[in-house]
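This report concerns only the one structure given below.
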Amino acid sequence: MATLLRSALRPLRPLGGRRGPAADVPLRGVRHGAGLLYPGHIPTSPLQKALLAAGSAGMSLYNPYRHDMVAVLGETTGHRVLKGLRDQMRKDPEGAEILQERPRISLSTLDLDKLRSLPEGSLGQEYLRFLDVNVVISVSWDRALRRNLHSAQRVSPDTRAPTRFVDDEELAYVIQRYREVHDVLHTLLGMPTNILGEIVVKWFEAVQTGLPMCILGALFGPIRLSAQSLQVLVSELIPWAVQNGRRAPCVLNLYYERRWEQPLLALREELGITEPPAVHVRGPA
């Protein structure tokens, strides 16, 4: 048990010559050794999951930027909700295609040159701009990531933790997909990666998915906000996020990789997502 907890609570280590967290692994239903359903799978008992959930919840509340702890919390508390999300995807033509083809969003699967060549205002162009703002994308990527490893706001498609504790390979893909489209949602909602922006996205995701980790982040994330930011959050941003989360169809049913050329404004209109309130969310919260 101690070994399991140490493994789960170890910080993310995406460097050291490796690409991102299993970015090219399709998460198919093939046995990978005794009891293993997919690469990186760690089978756990209900008691072990409860202990992991408690430990990861504490760490997530202490440091909301511990994405590895948020990931463990989601995997150990969201089984029933993941089944519901999977069923929604199965019933939707685009979502069912995603489940069948298992696309992945990572630096190794993204064609950055193609995204740069897309028209101004397209989803792909805006997503690339989001990445450029939040992490350095260049030939010196590894060195840049090392320099910014401890910078809370620095994110990339490859800093998301791989699925480990979900004991169903299809549900493991569903939560992996959720993580990999998280930054696309930032782009879709026009939210930065500071604490205030993350909380707004968490409120949207909580309404959309019902995942316990999203609800926890939405409710307890504001603890670290200043009084001014908290007032803006409660009076304007949360109502906007909740309203749009309820109105929009399930965002896991969007095959984003086939929509990079679509104008971002057109995609927002298709989903019923309105422009965010004209308040300052760009600086530190």
Do [X] and [Y] come within less than 4.5 Å of each other through their side chains, counting heavy atoms only?
X: Gln88; Y: Leu85; value: yes
X: Leu189; Y: Pro276; value: no
X: Tyr38; Y: Val166; value: yes
X: His41; Y: Glu169; value: no

For [X] and [Y], which heavy atoms make the closest approach, and how far apart are they?
X: Pro222; Y: Leu233; result: CG-CD2, 3.6 Å
X: Leu171; Y: Asp168; result: N-OD1, 3.0 Å
X: Ala57; Y: Leu216; result: CB-CD2, 4.3 Å
X: Ile98; Y: Met89; result: CG2-CE, 3.9 Å
X: Gln48; Y: Ser45; result: OE1-N, 2.8 Å
X: Ala172; Y: Thr163; result: O-OG1, 3.3 Å

List the residues meeting side-chain hydrogen bond (donor to acceptor under 3.5 Å, both in side chains) with [X], not counting sequence neighbours, and say none if there are none.
X: Glu205; result: Tyr178, His182, Lys202
X: Thr274; result: Trp240, Asn244
X: Gln231; result: none
X: Gln228; result: none

To the closest 0.5 Å, what do you measure between [atom1] ([X]) and [atom2] ([Y])?
X: Leu123; Y: Arg268; atom1: CG; atom2: CZ; result: 9.5 Å
X: Gln262; Y: Leu264; atom1: CD; atom2: CG; result: 9.0 Å
X: Asp111; Y: Glu257; atom1: CG; atom2: CD; result: 12.5 Å
X: Thr209; Y: Leu82; atom1: OG1; atom2: CG; result: 8.5 Å
X: Leu131; Y: Leu115; atom1: CG; atom2: CG; result: 8.0 Å
X: Ile195; Y: Ile223; atom1: CD1; atom2: CD1; result: 11.5 Å

Does [X] pair with [Y] as a salt bridge, N-O distance under 4.0 Å?
X: Lys49; Y: Asp167; value: yes
X: Glu180; Y: Arg102; value: no
X: Arg129; Y: Asp132; value: no

Which residues share a side-chain contact (heavy atoms from CB on, under 4.5 Å) with [X], sequence neighbours left out:
X: Val207; result: Val242, Arg246
X: Ile215; result: Ala206, Leu219
X: Pro212; result: Thr77, Val81
X: Glu261; result: Lys114, Leu118

Are the side chain of [X] and the backbone of [Y] linked by a donor-acceptor contact shorter than 3.5 Å?
X: Glu75; Y: Phe165; value: yes
X: Gln125; Y: Arg116; value: yes
X: Ser229; Y: Ser226; value: no
X: Tyr173; Y: Pro103; value: yes

Have Thr187 and Glu126 got a donor and an acceptor in their side chains that come within less than 3.5 Å?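 Judged by distance alone, the side chains do not pair up.
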
Is Met191 reachable from Leu265 through a run of I, L, V, M, F, W or Y residues, each pair having side-chain heavy atoms under 4.5 Å apart?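 Each belongs to a different hydrophobic cluster.
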
Could you state whether Phe204 and Val234 fall into the same hydrophobic cluster, counting links through intermediate Ile, Leu, Val, Met, Phe, Trp or Tyr residues with side-chain heavy atoms under 4.5 angstrom apart?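 Both belong to a single hydrophobic cluster.
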
Not counting sequence neighbours, which residues clear salt bridge (Lys or Arg N to Asp or Glu O under 4.0 Å) with [X]? List them please.
X: Arg259; answer: Glu94, Glu270
X: Asp87; answer: none
X: Arg247; answer: none

Identify which one of Lys83, Arg90, Arg177 satisfies the salt bridge (charged side-chain N to carboxylate O under 4.0 Å, His left out) criterion when paired with Glu170.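 The passing option is Arg90.
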
Worked verdict on Leu188 versus Phe130 for side chain to side chain contact (heavy atoms under 4.5 Å, CB included): CA-CA 10 Å; Leu188 192 60; Phe130 171 87; over 6 Å; no

Given Leu225 and Ile199, is the side chain to side chain contact (heavy atoms under 4.5 Å, CB included) satisfied, shown in steps? CA-CA 10 Å; Leu225 292 178; Ile199 293 171; 3.8 Å; yes

Enumerate donor-acceptor pairs with a distance under 3.5 Å from any side-chain N or O in residues 249-256 to protein atoms, sequence neighbours excluded.
residue, atom, partner, partner atom, Å
Tyr255, OH, Glu101, OE1, 2.7
Tyr256, OH, Val251, O, 2.8

Given Leu52 and Thr44, is the side chain to side chain contact (heavy atoms under 4.5 Å, CB included) satisfied, shown in steps? CA-CA 10 Å; Leu52 288 169; Thr44 48; 4.2 Å; yes

